[in-house]
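First up is the structure itself, then whatever we jot down about it.
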Protein chains: 4
Amino acid sequence: MNKRLKAGLIGLGRIGNIHLQNLSRHPDVEKISICAPSAKRESYPRFQLYRTYQELIQKENPDILFICSPTPTHYEIIAECCQLGIDVFCEKPIDLDLGRIQELKKYIDESGIILQVGFNRRFDPDFSSLKNSLEEKALGKIYQITITSRDPGFPSLDYIASSGGMFMDMTIHDFDMCRFLTGSEISEIYTKGQIRINQELTKYNDIDTATTILTFQNEITTTIINSRDAIYGYDQRIEVFGSKGLITVDNHRINNISIADYDGKKANRPVSFFLERYALSYIAEVDEFIKTILRRGKPSVSIDDALKATEIAVYANQSLALKKVIKL
Amino acid sequence: MNKRLKAGLIGLGRIGNIHLQNLSRHPDVEKISICAPSAKRESYPRFQLYRTYQELIQKENPDILFICSPTPTHYEIIAECCQLGIDVFCEKPIDLDLGRIQELKKYIDESGIILQVGFNRRFDPDFSSLKNSLEEKALGKIYQITITSRDPGFPSLDYIASSGGMFMDMTIHDFDMCRFLTGSEISEIYTKGQIRINQELTKYNDIDTATTILTFQNEITTTIINSRDAIYGYDQRIEVFGSKGLITVDNHRINNISIADYDGKKANRPVSFFLERYALSYIAEVDEFIKTILRRGKPSVSIDDALKATEIAVYANQSLALKKVIKL
Amino acid sequence: MNKRLKAGLIGLGRIGNIHLQNLSRHPDVEKISICAPSAKRESYPRFQLYRTYQELIQKENPDILFICSPTPTHYEIIAECCQLGIDVFCEKPIDLDLGRIQELKKYIDESGIILQVGFNRRFDPDFSSLKNSLEEKALGKIYQITITSRDPGFPSLDYIASSGGMFMDMTIHDFDMCRFLTGSEISEIYTKGQIRINQELTKYNDIDTATTILTFQNEITTTIINSRDAIYGYDQRIEVFGSKGLITVDNHRINNISIADYDGKKANRPVSFFLERYALSYIAEVDEFIKTILRRGKPSVSIDDALKATEIAVYANQSLALKKVIKL
Amino acid sequence: MNKRLKAGLIGLGRIGNIHLQNLSRHPDVEKISICAPSAKRESYPRFQLYRTYQELIQKENPDILFICSPTPTHYEIIAECCQLGIDVFCEKPIDLDLGRIQELKKYIDESGIILQVGFNRRFDPDFSSLKNSLEEKALGKIYQITITSRDPGFPSLDYIASSGGMFMDMTIHDFDMCRFLTGSEISEIYTKGQIRINQELTKYNDIDTATTILTFQNEITTTIINSRDAIYGYDQRIEVFGSKGLITVDNHRINNISIADYDGKKANRPVSFFLERYALSYIAEVDEFIKTILRRGKPSVSIDDALKATEIAVYANQSLALKKVIKL
């Protein structure tokens with residue numbers, strides 16, 4: 001029978017709470033301790049709450065640590081886990097700076113800890129089923145992938161300010177999805193980014209609308225169509241075109257009801273929040289992480305994946321700044 | 001090479017005009033003469049116009065006659081065609097009286113003329129494709145058929161007055177479709193008819209809403225769901241359920257456009273007029289009729305089909321009046 | 001703050017396990033004890049297991065009891081709960097005999113206990129949203145309801161033998177749904193039932209295929225189309241037609257992926273098991289029950305609802321036996 | 001009453017035959033003469049056939065001329081029509097050389113003849129309805145347009161050889177559609193073109209797969225996704241995204257039938273031939289042309305539109321050759 005794990009969780013924002021809920025129900029997790037500087041103890045009566053992650057580590061000696069705190073804190077915590085030999089699940093982005101991610105990669109490799117990155121969409125049942133189909137050659141030779149990825153509402157400017165920009169914050173999921181689906185690395189990137197929705201973004205040197213063409217070493221071209229604000233709901237679609245046909249992953253609607261009247265037939269809009277759209281993926285990625293820990297395997301989404309996706313985001317920003325195609 | 005046919009057309013209502021248009025384009029039709037007591041000559045400059053059908057027949061000696069005049073005139077014209085040996089395409093219903101249809105059947109059989117009845121829906125590409133699939137056993141053993149058949153707007157009370165009632169006027173198409181798809185004759189019928197929309201129908205001893213269960217000799221049960229007035233458009237759907245699966249024939253929408261906004265995703269409504277929904281069927285039934293004439297074959301929709309569908313309508317009216325299941 | 005409840009659960013079949021899982025996560029449930037004569041203790045390490053319900057009640061003194069044992073046991077357990085003042089959630093059917101349900105109703109009324117019946121479909125998000133739309137008059141005056149309800153696989157003959165027959169076992173959910181959606185009681189019923197799939201049912205005096213027309217006192221007609229075995233998956237659709245339009249509740253597909261190739265565009269089949277299709281309804285009905293208990297309210301699905309749905313099943317069996325319309 | 005027109009038609013390929021059929025049914029066309037060097041007279045018994053266009057013009061003195069002959073012949077015929085004052089409907093592309101189109105533009109302007117270019121897709125009911133919606137601001141401010149345009153089968157290498165390349169032959173329709181929908185001119189273009197399907201294209205300096213991003217002066221970005229060979233049928237979809245929502249134009253399926261079995265629910269594939277998909281557009285563009293002729297109006301699709309679309313194709317080829325973004 002499996003050893004049951006002691007888990008630490010750092011950060012109780014939206015994503016921290018999701019992981020807390022999924023860890024609580026996991027049969028291989030024995031105890032969960034939380035580090036959340038400002039959380040109310042009475043809101044989390046069943047858990048031990050700490051104010052610093054150091055204290056949590058010292059007192060609880062956790063087997064695994066979930067890092068859901070703000071991006072700037074990731075580096076230090078991961079580095080410490082490497083020293084102490086604690087396995088880590090870290091939310092994306094690991095860091096906004098490529099060099100620092102490379103350093104972490106070195107520490108991780110040297111320490112032998114397992115670190116999994118929170119690219120949860122790979123674990124979405126639809127997308128992982130798509131990936132399986134592609135591996136089984138259901139589409140033959142793959143030619144083109146189109147990702148339409150639009151957020152359901154404009155984020156706050158505060159959020160924007162510390163986000164690292166649209167490519168690093170939002171499109172990074174799509175970059176990872178392209179690597180995941182093509183099974184290859186990019187050879188070329190061009191991005192056309194614009195401010196079309198909110199002119200205040202000029203202050204933040206950010207954009208809200210972008211179309212990006214990535215070419216991969218295996219010749220597959222992928223197009224990513226992004227917007228920060230789609231009034232019709234969270235738009236998360238993928239189309240893969242190959243010699244044998246086309247696979248489409250469509251949005252998830254709120255329900256299966258439609259109403260027909262003189263104006264036509266109306267179906268409800270897509271679920272409009274990422275925690276709802278991707279709820280099953282958060283469960284699946286934690287299950288996968290814990291399985292990997294228990295059998296000391298290789299993480300399915302590693303620091304290398306974080307590094308590669310971040311590199312693409314850096315190139316995208318270069319293409320945007322130079323208004324040129326970037327060739328690697 | 002084929003003999004080219006001389007056609008006569010009686011009646012220039014909606015359906016008469018459709019047949020005129022389709023005959024005009026038919027390569028095997030040499031000449032078309034029209035009988036229409038009140039049509040303006042200048043509206044039909046390319047055709048010879050007569051005021052009585054007798055005059056048309058006498059002067060033009062047509063090979064084939066299309067009868068699109070009001071139902072009460074059908075009997076006399078068909079009887080005369082039997083005497084003169086003129087082949088006939090007659091719009092449904094042949095007559096509202098079963099006995100008179102039986103007499104006509106006798107005349108037709110004795111005369112050897114070909115008579116095809118205008119159950120056009122059998123020639124709709126979707127429904128004839130469905131029929132082919134069933135004959136090829138795509139569904140294995142057929143269990144249940146569901147026809148949803150709702151008109152897109154309430155007819156005028158004048159129309160109602162001379163229509164023969166909802167079963168004889170509207171549902172008769174669905175009765176014929178059930179016979180066509182099951183390839184069998186009914187053994188039992190129950191209908192629940194109601195006035196739900198327009199109470200004035202009480203004056204006409206008619207109904208506007210009905211649900212009918214027909215059981216066929218081969219044990220297939222078919223359900224027909226009717227309404228005289230569907231605000232959301234002309235609803236003409238069929239589902240066939242069998243041991244191997246379910247075939248669905250859906251409505252034809254006005255176009256392939258949809259718009260998504262905060263309220264959901266809206267597709268346009270179905271085409272809302274029978275001449276538009278069934279346009280291709282009117283072409284196909286005339287093609288079929290002319291082919292049958294040229295090779296002196298058996299008509300694909302004969303006086304027997306008219307008789308059987310009318311019989312079902314009579315039983316439906318009995319079931320409605322007696323509020324009972326009618327067993328045959 | 002709420003009192004937290006002690007719950008007893010009788011029976012660990014499919015549905016018993018579902019309730020166990022949902023009760024375990026409920027914040028207002030303090031402790032769960034189980035009565036399951038043959039369950040292995042090691043499979044349920046976190047729960048106290050009893051072999052008889054009497055022992056469970058005596059030792060644990062539960063506030064609420066979930067009855068998920070076979071139908072014949074319901075009467076006795078409910079009667080005892082009435083004597084002891086224990087509130088009850090009982091799976092459907094309460095009993096196969098109308099007289100015994102009437103007796104239980106008397107006991108319940110006299111005792112003042114709260115009893116909720118497991119007509120879970122009322123709590124399905126799609127169907128409860130449909131009900132809300134109808135109450136808000138989204139469809140104006142309602143004319144016709146069509147329920148297509150087909151099971152995804154033929155049950156075992158053992159199951160059939162003790163099921164009470166298709167109407168009592170399967171259609172009873174649809175009968176309840178018709179009452180729920182129309183907000184009225186039936187005035188007339190006709191059912192056409194057949195054995196089309198498995199001739200062995202003759203031994204059990206049961207059927208596998210049925211079409212039923214119910215007319216309600218408020219003149220709405222509802223059609224229920226049933227089959228025990230749909231190869232294409234669990235088919236659970238409802239259409240409501242009214243003066244302002246048509247609302248359709250469609251099936252839930254396994255995922256949102258489709259593949260297009262030369263043969264067409266293929267979407268995955270509906271989820272094929274009731275526990276999966278109705279998973280959210282089981283959570284919602286337990287939430288509702290516990291809320292009702294805590295505020296001592298009226299149960300949203302009461303013994304009266306069980307009585308009425310069972311009555312319809314009895315009339316359906318009469319209509320089937322007599323091959324007649326039954327008028328009330 | 002309108003003057004009825006004498007029409008000449010040059011070329012009896014696929015598109016020439018379509019125009020012949022639509023002209024034959026047009027009430028404002030009195031006579032049609034044809035120039036087709038190799039057509040069999042017996043195939044066109046109702047028309048006067050000429051072997052050279054000069055002879056047709058001389059003998060018939062047509063009011064309007066439809067040019068459906070190979071692209072290299074267009075220049076000379078149009079130039080002659082300018083001299084003789086004959087109005088012209090010319091199939092796309094007018095010419096593969098920008099300079100020659102500019103010359104023709106000068107001749108046309110000087111002569112005062114009306115010339116309409118065969119960008120038929122503007123007249124497709126779906127796309128023209130989309131255009132109307134955009135003009136009525138149904139989407140508010142437009143941000144992004146995505147055109148997926150894939151042909152249903154690889155053309156012959158002979159066809160490729162004289163086609164002018166994929167951008168000039170196939171994508172030119174999409175370029176025109178982008179101008180039509182945005183109502184603006186391009187400011188920037190990047191195209192990623194590849195040979196993925198048929199390596200023989202290297203001999204022809206052509207490609208079979210491309211993704212193109214066009215930015216327009218009004219800041220709308222449009223993405224065009226092309227392939228020469230989609231096994232799943234002719235894929236012609238457009239999505240327009242704006243501040244108020246998303247409009248989708250979907251493919252036209254062969255019929256409205258679907259079949260559900262254990263493997264899922266399968267709808268038929270899109271119609272797989274441009275003459276079928278765009279049949280209504282060919283009728284509408286001829287109607288529009290004849291209306292324009294009769295009232296001596298401005299052509300809705302002029303030589304300027306041909307010029308602009310051809311310019312975009314030239315820039316696309318530049319971007320492809322230089323592997324760079326082209327800024328105007």
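Note that the coordinates shown come from a computational prediction; the quantities given were computed from them, not determined experimentally.
Rounding to the nearest 0.5 angstrom, the gap separating the CZ atom in Phe241(C) from the CD1 atom in Ile220(C) is 12.5 Å. In this structure, the separation between CD1 on Ile186(D) and CD1 on Ile189(D) is 5.0 Å, given to the nearest 0.5 Å.
Interface remark: of the candidates Ile259(C), Ile254(C), Ile231(C), Ile231(C) forms the most heavy-atom pairs closer than 4.5 Å to chain D.
The side-chain contact (heavy atoms from CB on, under 4.5 Å) search around Pro70(C) returns Pro72(C), Thr73(C), not counting sequence neighbours.
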Evaluate the criterion side chain to side chain contact (heavy atoms under 4.5 Å, CB included) for residue pair Leu201(D) and Ile207(D); output intermediate values, then yes/no.
CA-CA 6 Å; Leu201(D) 290 187; Ile207(D) 54 173; 5.5 Å; no
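Side-chain contact between Leu181(C) and Leu130(C): present, with at least one pair of heavy atoms (C-beta onward) separated by less than 4.5 Å. Side-chain contact check for Phe127(D) versus Val249(D): some heavy-atom pair is nearer than 4.5 Å.
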Do chain C and chain D have donor-acceptor pairs under 3.5 Å, and which are they?
from, atom 1, to, atom 2, distance (Å)
Tyr262(C), O, Arg269(D), NH1, 3.2
Tyr262(C), OH, Arg269(D), NH2, 2.9
Lys265(C), N, Ala267(D), O, 2.8
Lys265(C), O, Ala267(D), N, 2.8
Ala267(C), N, Lys265(D), O, 2.8
Ala267(C), O, Lys265(D), N, 2.8
Arg269(C), NH1, Tyr262(D), O, 3.2
Arg269(C), NH2, Tyr262(D), OH, 2.9

